[in-house]
Novice: 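Please see the structure below; I have some questions.
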Amino acid sequence: MQLRRSSAFALYIGSYFPLCLVLLAQDIDFEVTKSSLCSPSEWFDIACQVPLLHPFWSIGAVVVSATCLLITLWTLGKADVAHRICIAEAKHIPADLINYIIPYVVSFMGLDFASPSKIVGFAVFFVLIFWITYRSGQIVMNPILAVFGWKLFEIKYNFLQSRDQLSGRVLARIEIEPNRTYAHGNIQDVMIVRETQSGG
C-alpha cells in the first residue's frame, strides 16, 4: 500500500506524541499553579487562568499528535494482508526500531514556544526529516509503536507459490516463528505480518 503524502504526514506527526507531552509539561506556568486552579465548571470562564505559558501551542500540539497517532494505529490495523508467506528464519531486532528515535529527539532539543525563530527553524527541520523518511519508504517506522506491542523482525521467507527465499524486515504485533505461515502486506516499503485467519 503506497501512502499519499497527506496520510504519510499524519503518520509522521503521530510519532511525536510523547515529545509533545514533554513540551506540554515544560510549558506549565508554576506561578499560576501556586494559586487555586479553576474547577472544570469554570474552564470556559474568562477569569479562569490556564496554567500554561503558551496554551494554544502546547495543547494544540498534543491534540494534533494524539489524533495522528490514532490514525497510525488504525492504518496499521487495516493494512491489507492478502498474501501468505512461510517464514524460514525470524530474528527480533528491537534496537533497530529504537534507532529511528535519533532524529526524533534531536529535533526537539532547545525548542521553545516563546521563541518564534526556534519554531520556524524546527518547522523547516521537521519537514526535511519527514521528506527524507517518506522518500526512503520508512514512514511507518515509528519507535512509539513499541508501546502498543508492535515489534520489528528480520526474516527470511518465501511466498507459498514460490521456493525463492527472500529477506526483509517486518512489523508485527505477534511473535514470528520459523516454519509457520503468516498473512503479509506492505505499507510503503515496510512489511506488515499478522496471523492467518486459521491461526497458522
Side-chain angles (χ1 to χ4, degrees), residues 1-27 56-83 85 87 90-109 111 113 119 122-155 157 168-176 182-197:
M1 178 172 69
Q2 185 65 29
L3 294 170
R4 291 179 295 182
R5 289 193 191 106
S6 57
S7 300
F9 196 61
L11 268 63
Y12 176 69
I13 292 174
S15 67
Y16 283 83
F17 173 68
L19 291 183
C20 288
L21 289 178
V22 171
L23 287 177
L24 178 70
Q26 291 176 341
D27 200 49
F56 175 80
W57 287 105
S58 54
I59 294 175
V62 169
V63 170
V64 170
S65 61
T67 302
C68 291
L69 179 58
L70 291 174
I71 291 171
T72 300
L73 297 173
W74 181 85
T75 301
L76 288 172
K78 294 295 182 181
D80 182 22
V81 287
H83 304 288
I85 57 173
I87 304 295
K91 178 184 177 185
H92 184 209
I93 45 174
D96 285 33
L97 189 58
I98 298 303
N99 287 341
Y100 285 87
I101 208 166
I102 294 172
Y104 169 89
V105 171
V106 169
S107 62
F108 271 75
M109 291 178 65
L111 183 60
F113 288 132
I119 294 292
F122 166 74
V124 172
F125 183 79
F126 190 77
V127 170
L128 286 174
I129 293 295
F130 161 71
W131 191 245
I132 292 168
T133 308
Y134 176 72
R135 295 296 293 178
S136 69
Q138 304 297 308
I139 202 73
V140 181
M141 299 299 280
N142 177 346
I144 304 309
L145 293 177
V147 175
F148 296 94
W150 288 89
K151 298 177 182 180
L152 183 65
F153 293 87
E154 192 172 75
I155 63 170
Y157 67 99
R169 293 183 173 190
V170 302
L171 280 172
R173 291 191 70 188
I174 55 174
E175 288 294 332
I176 299 180
Y182 294 92
H184 152 268
N186 286 75
I187 297 180
Q188 285 196 301
D189 294 342
V190 177
M191 297 169 61
I192 307 296
V193 167
R194 290 204 286 263
E195 294 273 15
T196 57
Q197 290 184 347

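Nothing here was measured: the structure is a model prediction, and the numbers come from that model.
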Novice: Under 3.5 Å, side chain of Y12 to main-chain N/O of F126, donor-acceptor pair present?
Specialist: yes
Novice: Among Y16, F130, Y134, whose ring pair (Phe, Tyr, Trp, His ring centres under 6.0 Å) with F9 holds?
Specialist: F130
Novice: Return all side-chain donor-acceptor pairs below 3.5 angstrom for residues 67-74, not counting sequence neighbours, or 'none' if the list is empty.
Specialist:
from : atom 1 : to  : atom 2 : distance (Å)
T67  : OG1    : V63 : O      : 2.8
T72  : OG1    : C68 : O      : 3.0

Novice: Side-chain contact test, heavy atoms from C-beta onward, threshold under 4.5 Å: evaluate it for H184 versus V81 and give yes or no.
Specialist: no
Novice: Within this structure, what is the OG-CG distance for the pair S65 and L21, rounded to the nearest 0.5 Å?
Specialist: 6.5 Å
Novice: With a 4.5 Å heavy-atom cut-off, do V193 and I87 have their side chains touching?
Specialist: no
Novice: Hey, does Y182 have a side-chain heavy atom less than 4.5 Å from the side chain of E195?
Specialist: yes
Novice: Evaluate side-chain contact (heavy atoms from CB on, under 4.5 Å) for V62 paired with I59, printing each intermediate quantity in order.
Specialist: CA-CA 5 Å; V62 169; I59 294 175; 5.8 Å; no
Novice: Decide yes or no for I144 and F17: does some side-chain heavy atom of the first lie under 4.5 Å from some side-chain heavy atom of the second?
Specialist: no
Novice: I need the N186 CG to L171 CG distance, nearest 0.5 Å.
Specialist: 11.0 Å
Novice: R173 side chain to G77 main-chain N or O, any donor-acceptor pair under 3.5 Å?
Specialist: no
Novice: What heavy-atom pair brings C20 and A61 nearest, and what distance separates the two atoms?
Specialist: SG-O, 3.6 Å
Novice: What's the spacing between E175 CD and H92 NE2 if we round to 0.5 Å?
Specialist: 7.0 Å
Novice: Evaluate the side-chain proximity of L76 to L145: yes if any heavy-atom separation is below 4.5 Å, no if none is.
Specialist: yes
Novice: Please give me the minimum heavy-atom distance between I176 and A172, naming the atom from each residue.
Specialist: CD1-CB, 3.9 Å
Novice: Apply the test side-chain contact (heavy atoms from CB on, under 4.5 Å) to residues I174 and F153: give CA-CA distance (whole Å), side-chain angles for both, the deciding distance (0.1 Å), then the verdict.
Specialist: CA-CA 10 Å; I174 55 174; F153 293 87; over 6 Å; no
